[in-house]
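Just below is one structure, and these are the notes that go with it.
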Amino acid sequence: MSWKDFAEELVGTSKEAVMKVAEYAEDYRIYPRSIIKKDKSFYFLAKIDQKKKLVILNKSKNFELFQGRIEELAGFKAKIGPLSHYNAEILRKVFPFTAPSALGNKKPSIGLGDRLGIATPGHIEAVKESAAMPVFAQQSVRELNLTGRTFKSVLDDVSWAVFQEGYQAGFAADADHLKEKPDIKEALDLGYTMLTLDCTDYINDDLDQMSESEVENAYAEVPDYLREGLENQYLNKTFVLNSGYQLEYNQDNFKEIVFNLL
């Protein structure tokens, strides 16, 4: 059976009746959870010529925004589009639930980096009943280089998977282990909502082998404005975290901590 046969039944269906129609959508190689009605159009993913495609049935104000070929079906228009970056960007604007949002600090979160770009539907199934905020897009530059992917393709794959599964509970996107400014800018421009900076190149691994006088001399080389600012903000102070854990900065550990991170 063809998705076109299903499409002819779908057009004219009310929003409320879509779920009932979706019960047999899989028989037509359509991803049933992806079916959504917006304005006068229906949107869903279907397997067409052995590839996933975006199908838009019936013209409405967003119909022309997406790229794809147009077909005539029983008196109405349908657009069949690729799961491209261009279409993914439009998808995130038309359906904001396919775009990442900020984690915030009000609830737990869980990182679920999809290394190959095919596991997010499974991740959604695992977390959909959880109160935790999932971070579906989470990759490091090193991982991208190993797999031949990009921050762009990682986010696009997640957006299409979220749309495919009809998941509307929200997710975050983390550009992980960033070291270079161009990578930071790229991730922010793409809409990543979380950045994890990798500062290992600036951490002094020789600290545990330095004498007390060497630490003192190194600390004295820290610029005055920075040293004084850090001392005023942290030295001889204790910070109590929400968990009850205490962080104490005193004369015994402060200089080593500052030197280790600068």
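One is the number of the first residue; the rest follow in order along the sequence. Worth saying up front: this structure is predicted, and the values here are computed from it rather than measured. Computed over heavy atoms, backbone and side chain alike; hydrogens, waters and symmetry mates excluded.
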Any donor-acceptor pair under 3.5 Å from [X] side chain to [Y] backbone:
X	Y	result
T193	A173	yes
D49	K51	no
E143	S140	yes
N62	L65	no
D176	G113	no
E89	Y86	no
S159	T98	yes

**Request:** Go through L235 and L230 one step at a time and tell me if the side-chain contact (heavy atoms from CB on, under 4.5 Å) criterion holds.
**Result:** CA-CA 7 Å; L235 184 58; L230 290 171; over 6 Å; no

**Request:** Would you mind telling me which of W160, Y192, Y167 makes a ring pair (Phe, Tyr, Trp, His ring centres under 6.0 Å) with F136?
**Result:** Y167

If hydrophobic clusters are built from ILVMFWY residues whose side chains come within less than 4.5 Å, do [X] and [Y] share one?
X	Y	answer
Y249	Y245	yes
F254	L226	yes
L112	F163	yes
L83	F63	yes
L155	M194	no

**Asked** Yes or no on salt bridge (Lys or Arg N to Asp or Glu O under 4.0 Å) for R92 and D156, after CA distance, side-chain angles and deciding distance?
**Response** CA-CA 9 Å; R92 288 189 280 267; D156 290 348; 2.9 Å; yes

**Worked check of salt bridge (Lys or Arg N to Asp or Glu O under 4.0 Å) between E71 and K77** = CA-CA 6 Å; E71 295 189 8; K77 289 186 182 296; over 6 Å; no

**Prompt:** Cation over ring, K37 on Y43, under 6.0 Å and within 45°?
**Reply:** no

**Item:** Reported OG1-to-NE2 distance for the pair T150 and H85, which is rounded to 0.5 angstrom
**Value:** 8.5 Å

**Prompt:** Is the shortest distance from a Lys or Arg side-chain nitrogen in D189 or K185 to a carboxylate oxygen in the other one below 4.0 Å?
**Reply:** yes

**Item:** Salt bridge R33-E125, side-chain N to carboxylate O under 4.0 Å
**Value:** yes

Of all the heavy-atom pairs spanning [X] and [Y], show the shortest one and how long it is.
X	Y	answer
R115	R149	O-NH1, 3.0 Å
G117	D114	N-OD1, 2.9 Å
F171	F97	CE2-O, 3.5 Å
I30	P32	O-CD, 3.0 Å
I90	F66	CG2-CZ, 3.5 Å
A131	K107	O-CD, 3.7 Å

**Prompt:** Can you tell me if Q67 and K79 form a side-chain donor-acceptor pair at under 3.5 Å?
**Reply:** no

**Asked** Do S41 and D39 have side-chain atoms, one donor and one acceptor, less than 3.5 Å apart?
**Response** no

**Asked** In terms of heavy-atom contacts, does NZ of K179 have more than 12 from other residues, nucleotides or ligands at under 6.0 Å?
**Response** yes

